[in-house]
Amino acid sequence: MSVAAGVCVIAALASFLIDLTADHSSPSLTVSDVEGVWSASDGGRLTVRADGSAELEKVPDPGPGCGETDTAVHTGPANWVFDTFPDESPGIRLDYPGAVTGQTCSVYLSISISDGYGTTGFLPHDAADLRYVRGPAHPA
């Protein structure tokens with residue numbers, strides 16, 4: 001009986017270790033997957049350039065001190081890098097100095113690429129849960 005229990009424990013441990021070492025990551029994004037103009041139906045817009053620079057327009061601020069003083073949105077220049085917001089699909093992080101405090105503020109664009117729906121993204125911190133699509137204007 002103890003040999004059978006030992007074999008079960010070893011099998012379970014081996015299965016656990018194999019699962020830990022398996023590659024569960026999502027496909028990597030490339031610059032061509034993210035560069036371009038991303039817009040949402042509320043007028044929010046992200047212009048992402050291949051050189052790591054970006055322009056944000058009417059993007060919901062991610063926290064206190066990150067938006068314009070009279071609104072809860074940010075418009076202005078930013079820099080971007082590939083990053084993943086916790087528990088979301090891969091995407092990019094856009095960093096910019098907060099208008100009120102000057103602290104670094106970060107907005108994440110989580111990106112999904114599918115054959116059926118194309119390339120879309122969303123901002124995990126945005127309560128409106130709007131979809132961003134690439135192109136000169138958001139489709140009606």
Side-chain angles (χ1 to χ4, degrees):
M1 209 53 146
S2 64
V3 172
V7 169
C8 286
V9 169
I10 290 171
L13 181 58
S15 174
F16 176 73
L17 291 175
I18 289 170
D19 191 49
L20 280 179
T21 59
D23 183 12
H24 295 291
S25 63
S26 299
S28 296
L29 294 172
T30 65
V31 172
S32 64
D33 293 325
V34 300
E35 119 179 270
V37 177
W38 296 78
S39 59
S41 61
D42 69 345
R45 190 169 152 127
L46 311 166
T47 302
V48 179
R49 298 181 196 94
D51 67 359
S53 67
E55 192 71 31
L56 309 181
E57 184 179 336
K58 298 180 185 176
V59 174
D61 68 67
C66 289
E68 296 166 11
T69 55
D70 58 344
T71 65
V73 298
H74 175 76
T75 295
N79 294 309
W80 69 269
V81 295
F82 290 106
D83 201 353
T84 301
F85 191 78
D87 297 330
E88 298 297 344
S89 57
I92 59 175
R93 185 186 76 236
L94 299 114
D95 298 322
Y96 61 92
V100 176
T101 63
Q103 72 185 22
T104 298
C105 298
S106 298
V107 172
Y108 290 84
L109 177 66
S110 182
I111 299 172
S112 298
I113 300 172
S114 77
D115 292 335
Y117 298 103
T119 303
T120 62
F122 72 97
L123 307 176
H125 74 276
D126 185 8
D129 196 29
L130 296 172
R131 293 286 169 193
Y132 281 74
V133 295
R134 275 197 300 180
H138 193 277

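Hydrogens, waters and symmetry mates play no part in the numbers below; they use all other heavy atoms, side chains included.
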Got a donor-acceptor contact below 3.5 angstrom from the T120 side chain to the V133 backbone?
->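 No, because the side chain of T120 does not come within donor-acceptor range (under 3.5 Å) of the backbone of V133.
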Sidechain-backbone polar pair: H125 side chain, G63 backbone, donor-acceptor under 3.5 Å =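 Flag not set: sc H125 to bb G63 has no pair under 3.5 Å.
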My understanding is that only residues two or more places apart in sequence, or in another chain, count here; which of them pass side-chain hydrogen bond (donor to acceptor under 3.5 Å, both in side chains) with [X]?
X    : value
S53  : R49, D51
S32  : T30
D61  : none
T119 : none

Tell me, do [X] and [Y] make a side-chain contact under 4.5 Å, heavy atoms counted?
X   : Y    : result
C66 : H74  : no
W80 : V34  : yes
V37 : L46  : no
D33 : I111 : no

Suppose the criterion is salt bridge (Lys or Arg N to Asp or Glu O under 4.0 Å): which pairs have a residue in [range], not counting sequence neighbours?
range            : result
residues 74-87   : D83-R93
residues 71-81   : none
residues 104-115 : none

Under 4.5 Å between side-chain heavy atoms, chaining through other members, with only Ile, Leu, Val, Met, Phe, Trp and Tyr counted: pull out the rest of the cluster around F85, sorted by chain and number.
->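 Same cluster as F85: Y108.
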Closest non-hydrogen atom pair between [X] and [Y], with its separation:
X   : Y   : value
Y96 : P62 : OH-CD, 3.2 Å
E55 : P77 : OE2-N, 3.6 Å
T84 : P90 : OG1-CA, 3.5 Å

Take E57 and S39 through the test side-chain contact (heavy atoms from CB on, under 4.5 Å) and record every step on the way to the result.
-> CA-CA 9 Å; E57 184 179 336; S39 59; over 6 Å; no
Which residue pairs pass the ring-ring contact (aromatic ring centres under 6.0 Å, His included) test when at least one of the two sits in residues 33-60, sequence neighbours left out?
->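 Applying ring-ring contact (aromatic ring centres under 6.0 Å, His included) to every pair that reaches into residues 33-60, excluding sequence neighbours, yields nothing.
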Would you compute the distance between atom [atom1] of [X] and atom [atom2] of [Y] and round it to the nearest 0.5 angstrom?
X    : Y    : atom1 : atom2 : result
L29  : F82  : CG    : CZ    : 6.0 Å
R131 : D126 : CZ    : CG    : 11.0 Å
L109 : Y132 : CG    : OH    : 8.5 Å

side-chain contact (heavy atoms from CB on, under 4.5 Å) partner of I92, the single match among V81, V107, V48 =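 Of all the options given, the one that passes is V48.
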Sequence neighbours excluded, which residues qualify as side-chain contact (heavy atoms from CB on, under 4.5 Å) partners of S110?
->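 S110 satisfies side-chain contact (heavy atoms from CB on, under 4.5 Å) with E88, S89, F122, P124 once adjacent residues are dropped.
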